[in-house]
Enquirer: 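My questions will all concern the structure given below.
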Protein chains: 2
Amino acid sequence: MSNQSMNGFIGITSKQPASVPLASSGTKSASRPCPHNPGISCSNCRLSDLCLPISLNKSEIVQLDEIIERNRPLRKGEHIYRQRDEFRCVFAVRSGSFKSYVLGADGQSRVTGFFMPGEIIGMDGIGSRIHGVSTMALEHSSICEIPFAQLERLSHQLPNLQSRFFAIMSNEIVKDQQIHTLLSSYTAEQRLASFLLSLSARYARCQLSAERFILHMTRSDIGEYLGLTLETVSRVFSSLQKKELVLVKNREIEIKEMAKLKAILGE
Amino acid sequence: MSNQSMNGFIGITSKQPASVPLASSGTKSASRPCPHNPGISCSNCRLSDLCLPISLNKSEIVQLDEIIERNRPLRKGEHIYRQRDEFRCVFAVRSGSFKSYVLGADGQSRVTGFFMPGEIIGMDGIGSRIHGVSTMALEHSSICEIPFAQLERLSHQLPNLQSRFFAIMSNEIVKDQQIHTLLSSYTAEQRLASFLLSLSARYARCQLSAERFILHMTRSDIGEYLGLTLETVSRVFSSLQKKELVLVKNREIEIKEMAKLKAILGE
DNA sequence: GACTGCAATTGATCAATGACAACTATTTTT
DNA sequence: AAAAATAGTTGTCATTGATCAATTGCAGTC
């Protein structure tokens with residue numbers, strides 16, 4: 001709704017699934033013109049050691065590069081895809097951040113995940129060929145689009161890529177299991193502590209500060225993700241601040257006592 | 001502890017990771033002697049259309065069969081592997097059922113999943129090469145052991161197998177996301193209803209009754225899985241019985257009003 | 001700068017579920 | 001078969017976090 005009216009032109013949404021022409025999958029060499037991001041490729045991407053290319057050699061990365069489409073950036077609120085859309089691609093976050101969510105029978109949304117640079121989005125659709133969630137940019141963001149049929153074909157040629165993708169999916173399963181235990185046994189405070197520590201570690205992974213960062217999601221998003229109400233999220237932030245473990249100024253977070261924050265999870 | 005003292009001989013545990021000799025991976029033809037299950041192979045397994053072999057052709061199934069090890073059955077309480085064990089294999093449930101669980105810092109366990117025939121266990125270890133959970137038989141059960149290195153090698157030769165395994169892992173991710181939303185927004189009654197319906201559907205999938213089945217896990221296991229105490233699980237079962245939606249007699253469940261049970265999730 | 005709408009905070013109250021405890025039933029061991 | 005251990009039920013009370021409501025803060029727009 002407002003998502004589409006806020007743009008002059010519409011992004012990669014369900015309304016025009018085939019609107020973005022794929023690269024011809026021919027066998028020309030490394031440098032391929034990319035309309036929105038000339039000169040950007042996996043080979044020179046500073047995320048390449050946390051993203052898909054890990055454990056690939058130079059020539060393999062070049063081949064991977066061939067099938068990746070780098071589209072124009074997405075604005076805050078734009079969707080990569082929506083629940084029930086046909087699955088065609090997985091996506092790597094190049095910059096910015098995203099949330100995935102489902103709409104329940106009653107119409108209210110539940111957030112299933114947040115995604116940061118170097119992370120892969122959309123793997124839930126591989127088995128069913130349908131996206132089970134919607135995924136939306138939380139800020140101005142850019143992604144690499146990877147047509148899955150081509151990724152499968154290439155994985156078949158490159159054992160390293162096959163292994164890498166198995167590993168990425170496995171890590172996603174582990175992450176989901178950790179959230180399972182979080183949701184089934186942690187208190188509100190433990191959930192928030194765990195959430196902040198997770199964000200911190202992921203920011204650190206992409207060379208950003210582990211102590212100071214911006215929450216690009218709302219309190220409500222966080223609550224939907226952690227199984228809490230937005231009021232509880234707000235209250236716990238206030239309480240953590242009163243204890244001087246963190247400093248919360250709107251969306252800005254500063255972790256003052258990393259060790260004590262971890263100690264909350266300790267027992 | 002009691003797990004090991006209860007057996008005269010010890011199963012596939014961390015204590016003897018290499019105790020079960022793998023099949024030689026040579027290229028001999030279909031029928032391969034299997035010490036504990038002569039004559040059993042994927043080709044004649046009645047689960048073959050819900051397990052790994054889906055979408056493989058005859059000759060591909062024979063090749064898959066080559067790398068699968070079918071060990072002696074496990075007794076109730078025996079482990080397939082334990083948390084922190086080195087990852088080497090994934091496992092398919094042939095009969096019986098299993099639970100996976102983690103032990104928290106405080107020593108109490110949290111159940112991360114239940115597994116029924118035709119389902120694949122152990123994929124959490126692929127990325128990290130370490131099992132993040134322990135997996136235990138809930139009853140007398142048997143499994144197919146699939147050395148992952150060989151599975152990867154074979155997947156590289158058989159595109160259908162590669163696709164199939166991507167799909168299985170994706171389905172696992174979807175399942176985990178559904179539990180995420182269950183834990184973050186459902187009431188105790190909705191969780192139990194959803195749990196019973198899930199079991200029912202999975203029993204139906206392997207040709208068993210969708211209306212009558214046995215719970216092989218304890219109330220405590222169910223509670224740990226659903227983020228409830230065992231007392232709450234017990235109370236909700238009693239309440240569902242009072243409403244005549246189900247009949248609960250110890251571990252025996254009979255679903256009397258499938259539609260009404262689904263309606264609990266409806267709003 | 002005032003207006004509008006969304007996001008966040010804080011307070012008061014309530015309800016669902018947890019914790020503890022007593023008791024019963026079932027299974028396992030001897 | 002008896003004894004012991006484990007599993008399950010039910011009751012009471014306590015607590016966490018949800019709900020409802022009022023207020024403040026902030027960002028974008030006219």
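Just so we're on the same page: letters track the sequence lines, and every chain starts at 1.
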Enquirer: Table please: side-chain donor-acceptor pairs of residues 244-251 of chain A below 3.5 Å, with sequence neighbours left out.
Expert:
| from | atom 1 | to | atom 2 | distance (Å) |
| --- | --- | --- | --- | --- |
| A:R251 | NH1 | A:H216 | O | 3.4 |

Enquirer: Rounded to whole angstrom units, what separation is found between the CG atom of A:L215 and the P atom of C:dT9?
Expert: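 Rounding to the nearest Å, CG of A:L215 and P of C:dT9 are 10 Å apart.
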Enquirer: Please list, chain by chain and in numerical order, all residues satisfying salt bridge (Lys or Arg N to Asp or Glu O under 4.0 Å) with B:E139, sequence neighbours excluded.
Expert: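 Partners of B:E139 under the salt bridge (Lys or Arg N to Asp or Glu O under 4.0 Å) test: none.
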Enquirer: What's the CG-P distance between A:L183 and C:dG18, to the nearest Å?
Expert: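 About 14 Å, once rounded to whole Å.
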Enquirer: With sequence neighbours left out, what residues match A:E231 under salt bridge (Lys or Arg N to Asp or Glu O under 4.0 Å)?
Expert: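 So A:E231 forms no salt bridge (Lys or Arg N to Asp or Glu O under 4.0 Å) with any residue.
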Enquirer: Rounded off to whole Å, could you give me the CD-to-P distance for the A:E252 and C:dA8 pair?
Expert: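 Computing the A:E252:CD to C:dA8:P distance gives 13 Å.
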Enquirer: Restricting to non-hydrogen atoms, name the atom on A:V111 and the atom on A:D221 that form the minimum distance, rounded to 0.1 Å.
Expert: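 Answer, listing the atom of A:V111 first, then A:D221: CG2-O, 3.7 Å.
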Enquirer: I'd like a table of donor-acceptor pairs (distance under 3.5 Å, sequence neighbours excluded) in which one partner is a side-chain atom from residues 194-207 of chain B, with atom names and distances.
Expert:
| from | atom 1 | to | atom 2 | distance (Å) |
| --- | --- | --- | --- | --- |
| B:S198 | OG | B:R202 | NH1 | 3.3 |
| B:S200 | OG | B:A210 | O | 2.7 |
| B:R202 | NE | B:E119 | OE2 | 2.9 |
| B:R202 | NH2 | B:F114 | O | 2.7 |
| B:R202 | NH2 | B:E119 | OE1 | 3.0 |
| B:Y203 | OH | B:I214 | O | 3.1 |
| B:R205 | NH2 | B:L50 | O | 3.3 |

Enquirer: What's the CG-P distance between A:L240 and C:dT9, to the nearest Å?
Expert: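 Computing the A:L240:CG to C:dT9:P distance gives 12 Å.
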Enquirer: Which atom pairs, one a donor and one an acceptor, fall under 3.5 Å between side chains of residues 174-181 of chain A and the rest of the protein, sequence neighbours left out?
Expert:
| from | atom 1 | to | atom 2 | distance (Å) |
| --- | --- | --- | --- | --- |
| A:H180 | NE2 | B:Y225 | O | 2.8 |
| A:T181 | OG1 | A:Q178 | O | 3.0 |

Enquirer: My understanding is that only residues two or more places apart in sequence, or in another chain, count here; which of them pass ring-ring contact (aromatic ring centres under 6.0 Å, His included) with B:Y101?
Expert: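 B:Y101 satisfies ring-ring contact (aromatic ring centres under 6.0 Å, His included) with B:H79 only.
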Enquirer: What one-letter contact string describes nucleotides 5-20 of chain D from 5' to 3', where B marks a base within less than 4.0 Å of any protein heavy atom, S marks contact via sugar-phosphate atoms alone, and - marks no contact?
Expert: --SSBBBB----SSBB
Enquirer: Sequence neighbours excluded, which residues qualify as salt bridge (Lys or Arg N to Asp or Glu O under 4.0 Å) partners of A:R46?
Expert: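 In terms of salt bridge (Lys or Arg N to Asp or Glu O under 4.0 Å), with neighbours along the sequence ignored, A:R46 is linked to no residue.
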Enquirer: Tell me the interatomic distance from B:Q190, atom CD, to C:dA16, atom P, rounded to whole angstroms.
Expert: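 Distance, rounded to whole Å: 12 Å.
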Enquirer: Tell me the bend of the helix from C:dG1-D:dC30 to C:dT30-D:dA1 as the angle between end helix axes, each from five pairs, rounded to the nearest 10 degrees.
Expert: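 It comes to 50° between the two terminal axes.
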